[in-house]
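One-based numbering, in listed order, for ligands and for the atoms of each.
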Amino acid sequence: MSLFAQTLKQMEDASNLLGLTNDAQRILEYPERILQVSIPVRMDNGEIKVFEGYRVQHSTIRGPAKGGVRFSPQVDIDEVKALAAWMSIKCAVVNIPLGGGKGGVAVNTRDLSNRELERLSRGYIRAIAPIVGPKKDVPAPDMYTNPQIMAWFADEFSMLQGHNTLGVVTGKPIEVGGSAGRGAATAQGGVYVLDKYIKETKGNPKTAIVQGFGNAGYHVARMLHEKGIKVIAVSDSTGGIFDEKGIDPYAVHTSKVAHGSVQDLPNVKKIRNDDLLALPCDVLFLAAKENEIHKDNARSVQAKIIVELANGPITPEGDKILAQAGTVVIPDILANAGGVTVSYFELIQNEMNFYWSEEEVQERLKVIMEKALDEVLDTQRRCYSYSELDNTGEYIKHAKQPDMCHRITLRQSAFIRALQRIETSMKLRGKI
Ligand code: NAD
């Protein structure tokens, strides 16, 4: 099943539970706008090379489209459409007034010099300039794009406009309109959600594992370590390391920066990536990439709680197996929404030309993430208690398949919250 088909399946599943009108469902099956561009780049050797890029705006019903840009050889239109749709849902889960977008260029950035990367970045934003802008669609970093690339995007777009338009992208360096706290925002949001979940369920996690020791994974490992939760294993694309006494994320980071892999840390046991997923632990953070837990390995997962910092790290089949086993999954559309939330803060600060301290950013982020978790839990509880409620229950009234209400997962619950908000906006704006 393609990634976009998977996303539609998740929406359909939640729509059926919610009783979303067919009209709203049909609209969400189609991105509002798809732009495919070609980007000719003069390479350092004098040749012209042409790269293919995309920008997809899935839904702008709740506000300007928002979503990152990926520079990766695997980028194709199906992946960009799926990621754009997830952004529409994610912004609605945390209730920020933005829609969903995503972009990408099919390129291996390792094959480019820094000057070639700059020319490609400037070429891409020029090509998509007609459809982006602070009030239309605001790109941000994603895999293999970074704050420097965002600075080039903002500069090129500002030159086209004839004035500074820094709010055209987020995830910029602080010196050119970036927000304090953006670098660690995705991890921080995930930790706020986990903390609140633990408080609500009176849990007491002692051990954690982090798959994917990149930007999100490193920050989350460091935050867990600082809170006294023992990080017993971490991994990157080259493999993993394990130490039941606990691993110091700062030491792993320093060693990875110096030598390139988490496995370069001395005096720890090296493990394979598949083995890391099967280790017993209280919380497993997935911070690598899509489809890492699937029907063939989901049964071996022993973690009690999984937090999805990556987008789509569990396939629908894997999700079902985990739900049957009673593993709690805090879904990507909630758990990793800290990144887009601080991007939203960056956009606001750019528009005001007035900047907040890191403490202010974190305080606001905490409020939004905790509220979103509360709402998702509340929806889940209402659905669980279906048989005890009469016909006045909000979700009961609409549920087409009430039996399923007993078993909804946090993912379904988050989708329900989001779709309900999107449908309400569509109705109020007279679209359906
Ligand atoms: P990143 O490129 O900095 O890190 C990804 C890490 O995962 C790298 O260390 C890579 O080596 C590792 N990895 C890749 N395949 C692996 C595998 N099979 N097993 C173990 N490790 C593997 O990327 P990031 O910015 O940290 O993003 C990670 C995920 O989180 C992505 O899915 C991204 O879309 C999602 N996400 C990131 C943000 C953000 O603000 N950074 C926001 C929302 C979602």
Rounded distance [0.5 Å steps], CD in E244 versus NZ in K230: 7.5 Å
Would you call D155-R122 a salt bridge at under 4.0 Å N-O? yes
Could you tell me whether K136 atom NZ has more than 12 heavy atoms of other residues or ligands within 6.0 Å of it? yes
Interfacing atoms of ligand 1 (cut-off 4.0 Å, heavy-atom, F213): 9 (O)
Heavy atom under 4.0 Å from ligand 1: found in R182's side chain, backbone, both, or neither? side chain
Evaluate the side chain to side chain contact (heavy atoms under 4.5 Å, CB included) criterion for residues L334 and V193: first the C-alpha distance (whole Å), next the side-chain angles of each, then the deciding distance (0.1 Å), finally the verdict. CA-CA 8 Å; L334 170 63; V193 166; 4.2 Å; yes
Minimum distance, heavy atoms only, to atom 28 (C) of ligand 1: which one of G171, A310, A287, G67 is it? A287
Which of these passes salt bridge (charged side-chain N to carboxylate O under 4.0 Å, His left out) with E346: K172, R364, R182, K66? K172
Atom 23 (O) of ligand 1 within contact range, any protein heavy atom under 4.0 Å: no
Here the atoms of ligand 1 under 4.0 Å from any heavy atom belonging to K289 are 15 (N)
Atoms in ligand 1 flagged as close to R70, the criterion being non-hydrogen separation under 4.0 Å: 34 (O)
Which heavy atom of the protein is the closest neighbour of atom 33 (C) of ligand 1, given with residue, atom name and distance? N311 ND2, 4.1 Å
Is it true that E29 and R26 have a side-chain N and a carboxylate O under 4.0 angstrom from each other? no
Looking at atom 40 (O) of ligand 1, is any protein heavy atom nearer than 4.0 Å to it? yes
Is the shortest N/O to N/O distance between A216 and ligand 1 below 3.5 Å? yes
re atom 25 (O) of ligand 1, the protein heavy-atom contact at minimum distance is N215 CB, 3.8 Å
Taking 4.0 angstrom as the limit, do D142 and K102 come out as a salt bridge? yes
Can an N or O of K90 be found at a distance shorter than 3.5 Å from an N or O of ligand 1? no
Charged N to carboxylate O under 4.0 angstrom, D44 versus R119? yes
Taking a cutoff of less than 4.0 Å between a non-hydrogen atom of the residue and any ligand atom, is E290 in contact with ligand 1? no
Who gets closest to atom 19 (N) of ligand 1 by heavy atom: D142, N273, L83? N273
Select the closest option to atom 18 (N) of ligand 1 among E292, M143, K256, M87, judged by heavy-atom distance. E292
To which of V210, L309, T145, N146 does the heavy atom nearest atom 36 (N) of ligand 1 belong? L309
Ligand 1 atoms nearer than 4.0 angstrom to some heavy atom of G214 are 3 (O), 4 (O), 6 (C), 9 (O), 26 (O)
Salt bridge or not for E308 and R411, using N-O below 4.0 Å? yes
So does R421 pair up with E375, basic N to acidic O under 4.0 Å? yes
Minimum-distance protein heavy atom relative to atom 14 (C) of ligand 1: S237 CB, 3.8 Å
Could you walk me through whether L117 and Y144 pass side chain to side chain contact (heavy atoms under 4.5 Å, CB included), step by step? CA-CA 11 Å; L117 184 62; Y144 305 110; over 6 Å; no
Between E32 and K431 (salt bridge meaning N to carboxylate O under 4.0 Å), is one present in this structure? no
Nearest protein heavy-atom contact for atom 37 (C) of ligand 1: which residue, which atom, what distance? T186 CG2, 4.3 Å
Which of the numbered atoms in ligand 1 are below 4.0 angstrom from a heavy atom of A288? 7 (O), 13 (N), 16 (C), 21 (N), 22 (C), 28 (C), 29 (C), 31 (C), 32 (O)
